[in-house]
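Notes for the one structure printed next.
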Amino acid sequence: MVRNRRLFLKSSAIAMAGMGAVPLWLSRALYAAETPNARKKVLIAIFQRGAVDGLNMVVPYGDKRYKEIRPNIAIPDPGQDGGTLDLDGFYGLHPSMQPLMSAWKDRKLAIVEAAGSHDPTRSHFDAQDYMESGTPGFKATQDGWLNRALVPGKTSPVRAVSMGANLARSLRGRQEAVAINNLKDFKIPDPRSAQSFENMYASTLDKVLNGTGKETFNAVRTVQSVEKEEYLPANGADYPDSRFGNSLKQMARLIKANVGLEVAFADMGGWDTHVNEVPQLANLLRDFGSTLGAFYRDMGDLMANVTLVTMSEFGRTARENGNRGTDHGHANAMLVLGGDVKGGKVYGDWPGLESEQLYENRDLAVTTDFRDVLSELVVRQLGDRKVDQVFPGYGTAKFRGILG
Amino acid sequence: MAHPKTLTLFAAGLLLQVLPAYSSKPFQTKLSKEKQALHVVDRLTFGGKLADVERAKRMGVEKWIEEQLHPERIAENPELTAKMSSLKAIEMPSAELFKTYPPQQVVAQIARGKMPMPEDPLLRLAIEQVVERYKVKKSEGKQAAEAMEESKPTVEQIRAKILTVLEPAQARTLRSGSAEEKRALLASLPEAKQDQLLIALPAPARRALDPVAPTSMRRKIVLLTQPQQVIAYDLNEAKLQRAIYSTHQLDELMVDFWFNHFNIYLDKGADRHLVPSYEREAIRPYALGKFSDLLSGTARHPAMLFYLDNWQSVGAEPPTGKGARRAMPAKLKKGTRGLNENYARELLELHTLGVDGGYTQKDVTEVARCLTGWSIVDPRRGGAFVYNDRVHDKGEKRVLGVAISAGGGQNDGEKVLEILLNHPSTGKFISRKLATRFVADDAPEELIVRMAKSFTDSKGDIRTVLRTMFLSREFLSAGAYRAKVKTPFEMVVSAARALDADVDFAGTMAQKLNELGQPLYRKVEPTGYSSRNEEWINSAALLGRMNFALALAQNKVPGAKSQVTGTREQLEAQLIPAGLSASTREVIENALKEKEAKPDLIAGLLLGSPDFQRR
């Protein structure tokens, strides 16, 4: 029965391929080959949705223009009240991100400055879409870069996990990827109903629901094997009780359970600070920094197998706007945290904040394509992936040497 | 290039359950009369009930569609009117909402005598109690702030207060009885006692009553704990009740569509008090009317001006001489304000032209300049629209190639709306969005072109554009039939409709929608929710749907009751009028073989099945 159905799937898919219309979900069942499970490194992607103000997250206090163009919202110099946390004499971290300083001092946290997409869009939606598809300028790309980062095959039902109620755009595509809102609730409590639902979704001819249904029930078994006891973070790590904090805590738990997690995605919203930015950004970065700090602490030695990278769709205007906020801009800062990271260093060229140095005379210019950063992590960490497979059409990736 | 070429051609319509029905042109293949009725009812409502389908068949689909396009000709469901009557926040003007359901800091101000007491007798009672304690503390010589802080009553005080309302045995039940016993106790109390009890209890104990409280008490619990949350309570309640029970299904669907198109996030500051009037005055009256009314209504509504910051956008002094631009930022002093382009950008990208509609960054800035001065009087107290000429940018502007001469004042903004309304990209953008919601994720381009023409010819008459779509061969085709996956909102509502559930409290369903990733009135981003299939199919969502289906059918969703009876065949006909797939039927039959399944379990399985997730 199962065999017949698979055959049927295959032939109908081929028939449709003739029509030029194989949906990716269907392709999954078709291309997935059994490959052995090997202990893999874990790549975590974090998206700051809404465009974080990178110039106040990683502060270029050494650029004298910084305070001139942000008279009301600039972070004070290091040493002053509420001042920047000095990193290297030129850049500093926002004071709310204190919990990340130990990772910086351990040389496990690196920063890439003036990174972003060269695409000129200032639409949140388009820019997020481009960054997540990994193909700026191409709207038709259906799958996400993080899904393409996976070596094709079946390894673990939870090899790719998106934390939240929706499967992130970055993780959509041919390889199995599951969305998990909360490990505890990731099940059908009544076993008999669970079995009936599993059978229904396994046998439906509705291909979209068939593929996702199968993945779901496989993942449920794995997650429930992990979810038996209360989770206690190690080393006294204290995650904020926020959506983002809980996402990273659950990721830590999956990594420690060693169930075959390879890539994971989490996001945090609220960064679109057009008005009265200072207090809002301080709160957001506190959640953000405390969460990443707790994760680093919680992982301890296991950090050797983990690389985490943060991104946001674009930066914000270099100058503050009329409402003590900032509008949509261009380049931003990315953080890279991990055991293999050559940290304690800011990568990327600083384009400067003088008017003639700004992109379109308003925004920080992009000097590092975000794909350069992500390619290096994927190719050097996950193995057996070529840049062009993950970022189609981007043959010119230049690694910055962030990984040791 | 590894870029998959198949992508653009992907059409959800190809994923239908009935493979033989595929022709090479699914959008050219006409549906049978039977299927047309099923299809039309499923698309124009929040879930087709058997009776609706029968009616559409009898009337003929064209007549049935025309009826839904004219809600004023259909009598509203009296049951709904009754359910809505207690949801007072929905009908109140913003300023009154602010007074009746004040934010927490205002409650403190009222207690300090800096603001007048609210009208609501229950809230007044509760606040009087806070004031009482405040006065006692203050008479003990504490500072005002400290006295407010310490005005929490002691355990003894609470206990004594409770015993003035309840018998000692009742108080014991309330403290340590089972959920069932508590529920019975609360239901047995007369309303006056219920109120007194709620006031006597401290906030955490009050909130803890929510799961065992009768519906009439739930709203009061919110009112006494966080008064301003009553607005969210009423909005959620009204939206779900209308979707489930209204006979004006298409009208309600379009209200949802336009609110989502001109999305506003309820929890952004002042918007908490502005959203009811926004939906009631800027969206609802025009859901099937003129797009121009929606556009100008939302553009000047305080809720939108606040959400996208335009109320604070201020014209800069026109730069003079060479290098003036560069010098400008340094001139900014503390407290000065300037241009904010947030609304201008979303107006072009999301409300009218679409991101590929042919505008530039320069256009965004120019539109923002035109709209300077479109503001709000005292937004945090539910204030109204005001045009403030003092902060308007008086210079000359150029929007999408059209010159707007200096000195236009408020008219500059009106001019912008007019330019956008008549721009060909707008009709196309709106048509495509409608077709994605109603026809298929990637509806045929020819249809969108015809709809856009209809939009232009009718000067943006929504009813006309919808009619063009509903009567098109593409809409009534195999390519569209069951091509859409329900959004969580559509799934939850359609399940309640299919079961004929009696929902007297929809809050639990609203809570479920948060978990399913579609909280009502709380999409943070101005994009609104996507109606495309891929947004809503993933493991977390599927499990959430299955669990909700079981819970609803087995009466485990507090506030919703259904009486599920009948054989498998009867339930199938009731819940899945379009007919169950053979594969799902086989699974359910097998489950029945192993052990006799009760009707509510069968219903739960049907509502959680792949078949029910489509429309």
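Letters A, B, ... mirror the listed sequences (proteins, then strands); counts begin at 1.
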Exercise. Is there a side-chain contact (heavy atoms from CB on, under 4.5 Å) between Arg614(B) and Val208(A) once you walk through the steps?
Worked result: CA-CA 11 Å; Arg614(B) 290 208 171 248; Val208(A) 173; 4.0 Å; yes
Exercise. Which region of Arg148(A), side chain (C-beta onward) or backbone (N, CA, C, O), has a non-hydrogen atom less than 4.5 Å from a non-hydrogen atom of chain B, or is it both or neither?
Worked result: neither
Seminar exercise, completed: So, the part of Leu605(B) with a heavy atom under 4.5 Å from chain A: the answer is both
Exercise. Which value, rounded to the nearest 0.5 Å, describes the distance between Asn323(A) atom CG and Asn340(B) atom CG?
Worked result: 4.5 Å
For this session: Please flag which part of Leu308(B) lies under 4.5 Å from any non-hydrogen atom of chain A: side chain, backbone, both or neither.
Result: neither
Exercise. Taking it one step at a time, do Glu525(B) and His124(A) satisfy side-chain contact (heavy atoms from CB on, under 4.5 Å)?
Worked result: CA-CA 9 Å; Glu525(B) 298 83 4; His124(A) 289 298; over 6 Å; no
Problem set entry | Shortest non-hydrogen separation from Asn538(B) to Asn166(A) and the atoms involved | ND2-CA, 3.5 Å
Exercise. With chain A, which of Asp309(B), Asn342(B), Thr584(B) has the greatest number of heavy-atom pairs at distances under 4.5 Å?
Worked result: Asn342(B)
Exercise. Can you tell which of Thr527(B), Leu516(B), Leu550(B) has the highest number of heavy-atom pairs within less than 4.5 Å of chain A?
Worked result: Leu550(B)
Exercise. Using non-hydrogen atoms only, which part of Ser609(B) is less than 4.5 Å away from chain A: side chain, backbone, both, or neither?
Worked result: both
Problem set entry | Proximity breakdown for Glu346(B) and chain A, heavy-atom pairs closer than 4.5 Å | side chain
Problem set entry | chain A contacts, top residue of Gly608(B), Ala591(B), Ala541(B), Gly517(B) (heavy-atom pairs, under 4.5 Å) | Gly608(B)
Exercise. Which region of Leu542(B), side chain (C-beta onward) or backbone (N, CA, C, O), has a non-hydrogen atom less than 4.5 Å from a non-hydrogen atom of chain A, or is it both or neither?
Worked result: side chain
Exercise. Any idea which of His328(A), Met200(A), Arg49(A) has the most non-hydrogen atom pairs under 4.5 angstrom with chain B?
Worked result: Met200(A)
Seminar exercise, completed: Honestly, the part of Leu601(B) sitting under 4.5 Å from a heavy atom of chain A is side chain
Exercise. Any idea which of Arg585(B), Gln613(B), Glu535(B) has the most non-hydrogen atom pairs under 4.5 angstrom with chain A?
Worked result: Glu535(B)
Problem set entry | Point-to-point distance, once rounded to the nearest 0.5 Å, from CD of Glu515(B) to CG of Asp185(A) | 6.5 Å
Exercise. Does any heavy atom of chain A fall under 4.5 Å from the side chain of Glu349(B), the backbone, both, or neither of them?
Worked result: side chain
Exercise. Among Thr121(A), Val178(A), Asp272(A), which has the most heavy-atom pairs under 4.5 Å with chain B?
Worked result: Val178(A)
Problem set entry | Side-chain ion pair, Arg362(A) and Glu341(B), N-O less than 4.0 Å | yes
Exercise. If you count heavy-atom pairs under 4.5 Å between each of Asn199(A), Ile188(A), Val220(A) and chain B, which one has the most?
Worked result: Ile188(A)
